[in-house]
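Structure first, commentary second.
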Protein chains: 2
Amino acid sequence: MDPVSQTSEEEIVDTPDADHLGKMIREARLKKGWTLEEAGKAAGIGRSTLSKIENNQTRPSFDIVRRLTKALELRTPQLFVQSGPSDISGRRDVTLAGQGEPQDTPTYFHELLCTELTSKRMFPYISTIKARDVSEFESWIRHRGEEFMYVISGELTFFTEHYKPLPMKAGDSVYYDSGMGHGCVSTSKEDAKVLWVSLE
Amino acid sequence: MDPVSQTSEEEIVDTPDADHLGKMIREARLKKGWTLEEAGKAAGIGRSTLSKIENNQTRPSFDIVRRLTKALELRTPQLFVQSGPSDISGRRDVTLAGQGEPQDTPTYFHELLCTELTSKRMFPYISTIKARDVSEFESWIRHRGEEFMYVISGELTFFTEHYKPLPMKAGDSVYYDSGMGHGCVSTSKEDAKVLWVSLE
DNA sequence: GCGAAAAGTTTCTTATAAGAAACACAAGTT
DNA sequence: AACTTGTGTTTCTTATAAGAAACTTTTCGC
């Protein structure tokens, strides 16, 4: 196999991961240095309930888990980890310069990166923004999630709902709620090039 | 307020978001064009149960929700959204070139980007990798989550456990499980510069 | 419009989660 | 060593989730 593009889609057997949850919660609680009583109070649940959850003696309701994640400031995605064909553990995916998967729209020329790794959670892509006048700005893009943008080259104006237009140049970056309307136009003579990383 | 750096930490009142879950699940099911029966079968639960969940007439167990997210291929983080002081809705955070928050280690010079938005889920930073010999490579970095790296300038070799060393140059990118040991060294005369986006 | 089939909702039963209180087990204190 | 206090575990009760089946609504054919 080509050493550069090693994304293999091997089938992995499913395992129950039954006692994963309790372990994680106990870990998070101890990390905060809390007793069952304290953590329970912070999350609004009884200490006996929490004890049983941590020892996997019960299947808690989604509500309870949600309250716990908030109180303990737990990262939620990892609570759902279940082994299966769709996780990226022990994998990597390389895309060489200019070798991304092209995807065009009227305004942007997108190049999707690392598309072999279908189960990844972030979506990186490079966009070429065609040079044109600021006045031509048309409609907002809007999609659930958050997004990071880094200007690789050129100059552009980045628009966000509720904010003033933002002039940007190579090396600048912005992080924003992509649920807000957003979009950008090149303000230099040449096309501008940006790297986007999107997370739903 | 400075229009460029508008990250405000206003207090937002907490709302229960009680009927968020059902709505999302119904949406995901319909998107797949499935009936209650079909979706239930795929997730291994009864259609009556699913009906009640979608109509928020019950507080499902975490297990059931997990099975549903798997069957419906739902993005899990958004199931946990609860309004509160710590989400980024309607916000943005800008970092101009070279204005990131510096953070040094023996091997890397990191510049953290968009640090005002503390509740964001992805962590972007630019690293300058000091020029040195490949043989000097020491120890693996390893942390839970996934990571995306884009080479801004210079040439380097990217190391990942279980894989062959990967020579990279400006414009190349790689996405990998950051739980695997990883690290990189510059192979050009000058320092190399890379953009990393990390997600736990 | 009427019947038949399919999709969704509402009982009804039972299995079980959640919390209170009792219990067990430490680590200090006198 | 007995007493206290603090932490986690195990009953025990009751509130409720989950599934089966009955019921309602929608969709489609004729």
Side-chain angles (χ1 to χ4, degrees), chain A residues 14-82 84, chain B residues 14-82 84:
Chain A
D14 201 359
T15 56
D17 300 296
D19 54 350
H20 176 65
L21 183 69
K23 232 178 92 189
M24 296 229 44
I25 289 176
R26 168 149 291 180
E27 201 174 280
R29 174 173 67 84
L30 296 176
K31 201 170 166 187
K32 282 209 172 272
W34 281 351
T35 66
L36 288 173
E37 187 78 41
E38 291 168 321
K41 206 172 170 188
I45 67 174
R47 73 156 180 271
S48 59
T49 305
L50 185 48
S51 168
K52 279 179 281 187
I53 291 171
E54 291 188 351
N55 293 300
N56 299 298
Q57 284 170 12
T58 188
R59 298 285 153 88
S61 74
F62 182 71
D63 266 31
I64 296 279
V65 174
R66 208 218 234 146
R67 280 192 260 170
L68 279 168
T69 58
K70 190 172 189 179
L72 297 170
E73 298 179 83
L74 257 170
R75 302 252 156 217
T76 54
Q78 62 207 43
L79 293 181
F80 282 87
V81 298
Q82 1 193 7
Chain B
D14 200 359
T15 56
D17 302 296
D19 53 353
H20 177 66
L21 182 69
K23 232 178 91 189
M24 298 230 41
I25 290 176
R26 167 148 296 181
E27 202 174 279
R29 175 174 65 83
L30 295 177
K31 201 169 163 187
K32 282 210 172 269
W34 281 352
T35 66
L36 288 172
E37 187 78 42
E38 292 167 324
K41 205 172 170 189
I45 67 175
R47 74 158 180 273
S48 60
T49 306
L50 185 48
S51 168
K52 279 179 280 189
I53 292 171
E54 291 188 353
N55 293 299
N56 299 297
Q57 284 170 11
T58 189
R59 298 286 150 90
S61 75
F62 182 72
D63 266 29
I64 296 279
V65 174
R66 208 218 235 146
R67 279 191 262 168
L68 278 168
T69 59
K70 190 169 189 184
L72 297 171
E73 298 178 86
L74 256 171
R75 303 252 155 217
T76 54
Q78 63 207 41
L79 293 180
F80 283 87
V81 298
Q82 4 194 3

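Every chain is numbered from 1 and lettered A, B, ... according to where its sequence line falls, protein lines coming before strand lines. The structure displayed is predicted, hence computed values, not measured ones.
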*Give one of base, sugar-phosphate or nothing for A/Gln57, where a contact means two heavy atoms less than 4.0 Å apart.*
sugar-phosphate
*For the pair A/Glu54 (side chain) and A/Ser51 (backbone), establish whether a donor and an acceptor sit closer than 3.5 Å, ignoring hydrogens and angles.*
no
*A/Asp63 CG to D/dA15 C1': how many Å, rounded?*
14 Å
_Let me confirm one number: the CG-CZ distance from A/Leu50 to A/Arg26, rounded to the nearest 0.5 Å._
8.0 Å
*Take atom CG of B/Leu50 and atom P of C/dT10, then tell me their distance rounded to the nearest Å.*
14 Å
*Using a cut-off of strictly less than 4.0 Å, decide whether A/Arg59 has a side-chain nitrogen or oxygen near OP1 or OP2 of D/dT16.*
no
*Once you round it to whole Å, what is the distance between P of D/dA18 and CG of B/Asn55?*
14 Å
*Quickly work out the B/Trp34 CH2 to C/dG8 P distance and round it to whole Å.*
14 Å
*asked:* For DNA chain C, please output the secondary structure as dot-bracket, reading 5' to 3'. Pairs are Watson-Crick or G-U wobble, both atom distances under 3.5 Å; mark crossing pairs with [ ], other-strand partners with |, unpaired with a dot.
replied: ||||||||||||||||||||||||||||||
*asked:* From CG of A/Asn56 over to P of C/dA17, roughly how many Å is that when rounded to an integer?
replied: 12 Å
_A/Arg29 side chain vs A/Trp34 backbone, donor-acceptor pair below 3.5 Å_ = yes
*For A/Lys32, look at atom NZ and say whether over 12 heavy atoms of other residues, nucleotides or ligands are found less than 6.0 Å away.*
yes
_Closest contact, heavy atoms only, B/Lys23 versus B/Asn56_ = N-ND2, 4.5 Å
*Does any non-hydrogen side-chain atom of B/Thr58 lie less than 4.5 Å from one of B/Thr49?*
no
*How close or far is atom C1' of C/dA17 from atom CD of A/Glu54, stated in whole angstroms?*
16 Å
*asked:* Within the 4.0 Å heavy-atom criterion, would you say A/Thr49 contacts the bases, only the backbone, or no part of the nucleic acid?
replied: base
*Side-chain donor or acceptor of B/Lys52 under 3.5 Å from a matching atom on the base of C/dG8?*
no
*Atom CD of A/Glu37 and atom C1' of D/dG6: how far apart are they, to the nearest Å?*
10 Å
*Base, sugar-phosphate alone, or nothing: which one does B/Ser61 contact when heavy atoms must sit under 4.0 Å apart?*
sugar-phosphate
*For the pair made of CG in A/Leu36 and C1' in C/dA24, what is the distance, rounded to whole Å?*
14 Å
*Answer whether the closest heavy-atom distance between the side chains of B/Leu21 and B/Pro60 falls below 4.5 Å.*
yes
*With respect to the side chain of A/Ser48, which nucleotide from D/dT10, D/dT9, C/dA7 is positioned closest?*
D/dT10
*What is the nucleic acid contact for B/Thr58, judged by heavy atoms within less than 4.0 Å: base, sugar-phosphate only, or nothing?*
sugar-phosphate
*Look at all strands and tell whether A/Ser51 reaches a base, only sugar-phosphate, or nothing, counting heavy atoms closer than 4.0 Å.*
base
*Closest to the B/Ile45 side chain: D/dT10, C/dT9, D/dG19?*
D/dG19
*CZ of B/Arg67 to OG of B/Ser61: how many Å apart, nearest 0.5 Å?*
7.0 Å
*Which listed nucleotide (C/dA18, D/dG8, D/dA18) is nearest to the side chain of A/Arg47?*
D/dG8
